[in-house]
Structure formats: structure tokens, C-alpha cells
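What follows is one structure encoded as C-alpha cells, with my remarks underneath.
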Protein chains: 2
Amino acid sequence: MELDKTDRKLLRLIQSDASTSVADLAEQCALSKSACWRRIQKLEAEGVIRQRVTLLDPAKLNLGLTVWISIRTNQHNADWAKKFNQVVQNVPGVLEVYRLGGQIDYLMKAVVADMHDYDSLYQQLIAADLFDVTASFVMEEIKFTSALPV
Amino acid sequence: MELDKTDRKLLRLIQSDASTSVADLAEQCALSKSACWRRIQKLEAEGVIRQRVTLLDPAKLNLGLTVWISIRTNQHNADWAKKFNQVVQNVPGVLEVYRLGGQIDYLMKAVVADMHDYDSLYQQLIAADLFDVTASFVMEEIKFTSALPV
DNA sequence: CTATATAAAAGAATAATATTCCACTTATTG
DNA sequence: CAATAAGTGGAATATTATTCTTTTATATAG
């Protein structure tokens, strides 16, 4: 499962555009169509390639406000964690949740239409019994990519 | 540019799998192939659909450590902002950067192999003259989706 | 060094899918 | 109601993915 230079090039290309044809990829990677195709299959089978997704414009869907929510809790037990998990998985608008090391216990990304919409999301969250919640609203998206450096 | 129920269903489907065939999508949305295809084209033209990307597994690419970096600055001027922008755009491993309202000025997501790798990223960043930098390492990814609620 | 085995490659053949085209239906407007 | 526009489904065509076969390269034993 070692990735050579060609695998990496292939990954770089498909990361930024999942709809490029195998023929195009093959040409750019100096491979035949079939060799290129086999490499892609292999990368999928190995799990290097996880998923092909379509990215939408949040603003066009009336989700113009992105908010980062820092959470601290005083409930460090399995039951609470389970409940918290349940809540965040089921609240639409919550896109990402991370458990962190350090001061902040959890970091969460959510998209909402406006402040009023945020408030209703906030109300849903505190049902999970949080200790300290701090919201920071996104003023500007300076960089946003899903492309890992390969 | 109003989205009806069928558009929304279509968007939900392609958000989680960009490789579904038009025929499959058409069936699931109770449309003919050509009607379905035309809707997709329209959504692309309108900019609702932004991009189709391939998501890779960071761990398989030796990028097993995700870090969230909070930044405060005392340089609130255009020159500094421009320089900061330049730096973050060009450092690979930095995937996302947001300018926030509130205590924290900027929030940044980066992927690295390990602590040593993080240190070298940190060194590159402070070249941009930052006031206060706090790193929080991701212990667990509890939720991670690019699918907006439509 | 050659013979042979193994793996990988290219290119042709086929299957699947996307895209276009056209005849027809359904809504809209004066 | 007629006229027009907009949209639809299904067949025709073009493009692309996938499989298959033949060839080429690579490694290894003798």
C-alpha cells in the first residue's frame, strides 16, 4: 500500500474535481486508460479514497451564517457523552463536531440562516446539558479546501 | 431560482454521493433521465452546485493529526491581512481559515503527520507576525459531513 | 546471459452512462 | 379559445467506464 508519484498526482487531481474522466486523468498522469482505472480502483479498495461528494453553496440555500461553537462540559462520563453524541448527530445544521485536547472540550461547526435560526439551534444544544458554550460567527471564509496535501 | 421538493431531494442525494448516475437519481426522484439531467445542469449554472470533490482518508496519507488553531492579532490593518492571507494560502496542511467575530480573530484547521510536523507548520505561521496562537488537537471526530441541510 | 515466470501495461471490444434531439404535453397569456 | 412558451419523456447519439486480450517489461533461477 505504498503510494508512488503517479498515485499522488492522481489523488491531487480527483481531490479537486471528482468528475474528471478516467481518460483525462490517464493523459495527465501519463498512463493508459486501463492502468489509470486500475489505480483508482485500488485506491478505493484500500480506503485511501473515501467518498465523492458534491459541495453546495450555503448562501444559495439560505444558510449564510456559519458559526463555530466552543463547548466545555463538567460531565465527563460515558452517559453524558452518549447523549451529547445523539443530539449533535440529529441536529441538522451541525456539520462537524470534534472532541479536543486542551481548554475546550468540543468544537462544533454549524450553518444557519440567521441569528434567530442560530438561537433555535442553541436551544436544541443546551438540552444536552452543556457547561459553557461560546459561539463565534464567521465574518469571512479565507481558505476552504477539502484537498489534503499529498 | 426557487428550489422545489424534487430539487431538494436531488441535492440531498448528490451531496452524499457525487458518483450516482443520472438514471439512478432520476428514478429516486421520480423523474425521467432527461428531466433529471436538466435540473442538475440548472443547479450547476445557478451556482447551487459548486464542485464535486473526492474525499481522502487523512490517516492513510500520514496526516493523522488534525489541529485547530485559534489566532489573535494586534495588527488590524490591510497590509498585515494581505500577508496573513498569502501565508495561509501557501502552507499545505492548512485546509480552512476563517475570520471570526468575537474574542478570537481567526480560526484555522490544519492536518499534519505528528507533533514534530505541527511544530514546523507553527514556525511557518508565526512568520506572519501573530499575536497569540493556541493549538487544540483533535482527539476524536464525532461528526463530519459536507452535506448541508436542504 | 538466457529462459521462464510474474506482473503490469496498452489497446481493442463491450457495456454503461451522459447528452442531445425531437415529437408531444401541459401551462400561461392575451 | 388560440397562440405561445416552457417543460416532458423517450429514442438516438456521443461519451465514458469497464472488461478482456495481447503485448511488453521485470525479476529470478539456472
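In what follows, every chain begins at residue 1, and chains take the letters A, B, ... in the order their sequences are listed. Computed over heavy atoms, backbone and side chain alike; hydrogens, waters and symmetry mates excluded.
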For this session: For the pair A:Q15 (side chain) and B:L56 (backbone), establish whether a donor and an acceptor sit closer than 3.5 Å, ignoring hydrogens and angles.
Result: no
For this session: In whole angstrom, give the distance that lies between atom NZ of B:K42 and atom P of D:dG7.
Result: 8 Å
Problem set entry | Spatial distance of atom CD1 (B:I126) from atom CD1 (B:I71) [nearest 0.5 Å] | 11.0 Å
Exercise. Tell me: CZ of A:R39 to C1' of C:dA10, nearest whole Å?
Worked result: 14 Å
Problem set entry | Donor/acceptor link under 3.5 angstrom from B:S32 side chain onto base of D:dG10 | no
Problem set entry | Rounded distance (Å) that lies between atom C1' of C:dA10 and atom CG of A:L25 | 17 Å
Exercise. In terms of the angle between their ring planes, are B:W68 and A:W68 parallel, tilted or perpendicular, with boundaries placed at 30° and 60°?
Worked result: tilted
Problem set entry | 4.5 Å side-chain heavy-atom contact, A:T20 and A:I14 | no
Exercise. B:W37 side chain N/O closer than 4.0 Å to the phosphate oxygens (OP1, OP2) of C:dT19?
Worked result: yes
Exercise. Taking CD from B:Q41 and P from C:dC21, how many angstroms apart are they, rounded to a whole number?
Worked result: 13 Å
For this session: Write down the distance between CG (A:L31) and C1' (C:dG11), rounded to a whole number of angstrom.
Result: 14 Å
For this session: Kindly point out which of C:dT20, C:dA18, D:dA17 is positioned nearest to the side chain of B:K33?
Result: C:dA18
Problem set entry | Nearest listed nucleotide, side chain of A:S34, among D:dT19, D:dG9, C:dA9 | D:dT19
Exercise. Want to settle it: does A:R38 or A:S21 sit nearer the 5' end of DNA chain D, counting the closest nucleotide to each?
Worked result: A:S21
